[in-house]
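A short worksheet on the structure shown next.
Since we're looking at a predicted model, the values are computed, not measured.
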Amino acid sequence: VLFFFFLYIIFKWGEWTMLDAIVMDMDGTLLDPNNKILPETKAALIACQKQGTKLVLASGRSYTRLLSYAKELEMDVYGGYLLEVDGIAYYDVQKDERHVLKQMYKEDVEPVFAYLMHKNCETMAVFNDGLFDYIPDHIMEKKKALRNAQEYPKDFPWTGGPWSWLADMRDGYPKITYIKDLSEIQYPVNKIQTIEDEEVTTQLALDIQNEFKDQYEVFRTCPRELEVLPKGYSKGATLVRMMDMFGWDKDKVFTFGDGENDVSMFGVVTHSFAMGQAMDYVKEKAAHVTKSNVEQGIVAALKDFNIL
C-alpha cells in the first residue's frame, strides 16, 4: 500500500510541476542587453517544452521581430505562441497563423500623435513590418552628434530605441518612413510609441492619461519608451483569452516581465515574476521577484519552483 501511495505522490508532484505555459516579455526579460537569449535559458526552455509546457513570447514587438527567436527556441516544433504588440494580436508559431484582434486608424492615431508632436517628442506609428517616425529638430541634432561619435555607417537608421537615441530595428521593421506631417501616415497601424529620456516619459504617461482620459492604454515598456494602444487591449487581456482557449490553469502559467506593459499579465495568474532590474512599480505588482535578465532570472525562478 505504501508503495502505491508513494507512486501516487510522485505522479501528482510531477503533474503539479509541469506547467501549462511560460509567458515571457522579450526586452529586459528573455533577452540580454545584446538582444540574445542566453544559452542556459534557451536550454531550459526547450527542456520545458519537451515536458509539454507551451512557451509564449509576449512583447510590444510584432511577429516580424519575434519569429526568429521563436524558431531559435524550437517553438515551431513544440507548438508555441506569440502574444504580439502588447495584446492586439496573437500568433500560432507551429501553424503559422496570425489572429489580429485590433488595429488603430486615423481617428485613433491623429489626436494623440499630434499631441506628442506638439510636445516635441520623437513619435512613431508602428505597423507590422515598419513605422512612420516623426523626429523633432532638437532630437535630430542629438542623433547626429551620437552618430558621428559612434562612427555609424551612413545608412544606419535615425530611429530611436528603448536604450538609445539611435537603434537599428531593420531586422523586423525594414520599412521606415521619416515624416514631418500627420498626413504622411498610412493606416492601419498597430500602436504609437514615443522615445524620450526617463523623466520625460514618466510625465508624458500622466499627461496623456489626463488629456485623453480613458481613450487609450498607456504603458512605459522601459524607462525611455512609452507606448499607446487601443483601449481594452493589453498583454493580460489577450493572455486571458488564450488561457480560456487552450484550457490553461492560472496556477500553472508563469509570467515574466520587467515593464509596465507586463503588469496586466501579473494579475491574471498565480505566479508572476518581476525581473531583478525591473522598476519598483513592476516589482510591487508581481507575486515574486527573480534575478535580472543578465543573471538568467527565468531559469532561477524555474529552479526555485522545481520545474527544472
same_hphob_cluster(Ile179, Leu182) at 4.5 Å side-chain heavy-atom cutoff: yes
Partners meeting salt bridge (charged side-chain N to carboxylate O under 4.0 Å, His left out) with Asp96 (sequence neighbours left out): none
Check: Thr194 side chain, Glu122 main-chain N or O, donor-acceptor pair, under 3.5 Å: yes
Under 3.5 Å donor-acceptor, Gln49 side chain and Leu73 backbone: yes
Aromatic plane relationship, Tyr63 with Tyr91 - under 30° parallel, 30 to 60° tilted, over 60° perpendicular: parallel
Pairwise distance NZ(Lys36) to NZ(Lys42) - rounded to 0.5 angstrom: 10.5 Å
Test item: side-chain donor near acceptor, Arg220 and Thr202, under 3.5 Å: yes
More than 12 heavy atoms from other groups under 6.0 Å of CZ on Arg241: no
Qualifying residues under salt bridge (charged side-chain N to carboxylate O under 4.0 Å, His left out), relative to Glu227, sequence neighbours excluded: Lys191
Donor-acceptor pair, side chain of Asp20 and main chain of Asp249, under 3.5 angstrom: yes
Side chain Glu225, main chain Gln193, donor-acceptor under 3.5 Å: no
ILVMFWY network linking Leu45 to Met75, side-chain heavy atoms under 4.5 angstrom: yes
Backbone of Tyr78 reached by a side-chain donor or acceptor of Lys54 within 3.5 Å: yes
Between OH on residue Tyr90 and CG on residue Leu239, distance to nearest 0.5 Å: 12.5 Å
Pairwise distance CE(Met18) to CD(Gln51) - rounded to 0.5 angstrom: 8.0 Å
Sequence-distant partners of Asn35, side-chain contact (heavy atoms from CB on, under 4.5 Å), two or more places apart: Asp27, Leu31, Arg61, Tyr69
Spacing of NZ belonging to Lys143 relative to CD1 belonging to Ile135, to within rounding of 0.5 Å: 4.5 Å
Test applied, side-chain contact (heavy atoms from CB on, under 4.5 Å); reference residue, Val268; option that passes from Val23, Val253, Val240: Val240
side-chain contact (heavy atoms from CB on, under 4.5 Å) between Leu55 and Ile22, worked out: CA-CA 5 Å; Leu55 301 186; Ile22 300 170; 4.0 Å; yes
Plane angle bin for Phe254 and Phe273 - parallel if under 30°, tilted between 30 and 60°, otherwise perpendicular: tilted
Within residues 157-186 or reaching into it, pairs that qualify as side chain to side chain donor-acceptor pair (under 3.5 Å) - sequence neighbours excluded: Asp129-Lys175, Asp168-Arg170, Asp181-Ser183
Asp155, CG atom: more than 12 neighbouring heavy atoms under 6.0 Å: yes
side-chain contact (heavy atoms from CB on, under 4.5 Å) evaluation trace for Leu226 with Glu196: CA-CA 8 Å; Leu226 184 145; Glu196 262 293 356; over 6 Å; no
Test side-chain contact (heavy atoms from CB on, under 4.5 Å) applied to Met124 and Ile195, step by step: CA-CA 9 Å; Met124 306 172 194; Ile195 307 295; 3.8 Å; yes
Output side-chain donor-acceptor pairs under 3.5 Å for residues 100-110, partner residues at least two apart or in another chain, one line each.
unit_1, atom_1, unit_2, atom_2, d
Gln103, NE2, Asn190, OD1, 3.0
Asp108, OD2, Tyr105, N, 2.7

Parallel, tilted or perpendicular: ring planes of Phe156 versus Tyr152, cut at 30 and 60 degrees: parallel
Separation of Thr41 OG1 from Ile298 CD1 (nearest 0.5 Å): 6.0 Å
Residues in salt bridge (charged side-chain N to carboxylate O under 4.0 Å, His left out) contact with Lys144, at least two apart in sequence or another chain: Glu141
Neighbour count above 12 (heavy atom, 6.0 Å) for Lys291 NZ: no
Glu97 CD: over 12 foreign heavy atoms closer than 6.0 Å: yes
Same apolar cluster (I L V M F W Y, side chains within < 4.5 Å links), Tyr115/Val189: yes
Test item: Lys235 and Thr255 side chains (from C-beta on) under 4.5 Å apart, heavy atoms: no
Candidate list Leu82, Asp86, Ile88, test side-chain contact (heavy atoms from CB on, under 4.5 Å), partner Glu84, passing option: Leu82
Main-chain N/O of Ala286 paired to Ser272 side chain as donor or acceptor, under 3.5 Å: no
Thr123 side chain to Cys121 backbone, donor-acceptor under 3.5 Å: yes
Validation row: Leu206, Val218 side chains within 4.5 angstrom (heavy atoms): no
Verdict with supporting geometry, Thr221 and Asn261, side-chain hydrogen bond (donor to acceptor under 3.5 Å, both in side chains): CA-CA 6 Å; Thr221 56; Asn261 59 332; 5.3 Å; no
Aromatic ring proximity Phe132/Phe113, centre distance under 6.0 Å: no
In one Ile/Leu/Val/Met/Phe/Trp/Tyr side-chain cluster, 4.5 Å: Leu166, Ile139: yes
From OG1 (Thr53) to CG (Leu19), nearest 0.5 Å: 5.0 Å
Residues Asn128, Arg98; criterion side-chain contact (heavy atoms from CB on, under 4.5 Å); working and verdict: CA-CA 12 Å; Asn128 290 341; Arg98 188 176 192 236; 3.2 Å; yes
Side-chain (Gln215) to main-chain (Lys231) donor-acceptor, under 3.5 angstrom: no
ILVMFWY network linking Leu302 to Met26, side-chain heavy atoms under 4.5 angstrom: yes
Whether Asn210 side chain and Asp207 backbone form a donor-acceptor pair below 3.5 Å: no
Atom NE2 of His118: over 12 foreign heavy atoms under 6.0 Å: no
Side chains of Phe219 and Val263 in contact at under 4.5 Å (non-hydrogen atoms): no
Sub-4.5 Å side-chain heavy-atom contact between Tyr216 and Leu229: no
Check: Ser292 side chain, Gly276 main-chain N or O, donor-acceptor pair, under 3.5 Å: no
More than 12 heavy atoms of other groups within 6.0 Å of Tyr281 OH: no
Lys285 atom NZ, over 12 foreign heavy atoms within 6.0 Å: no
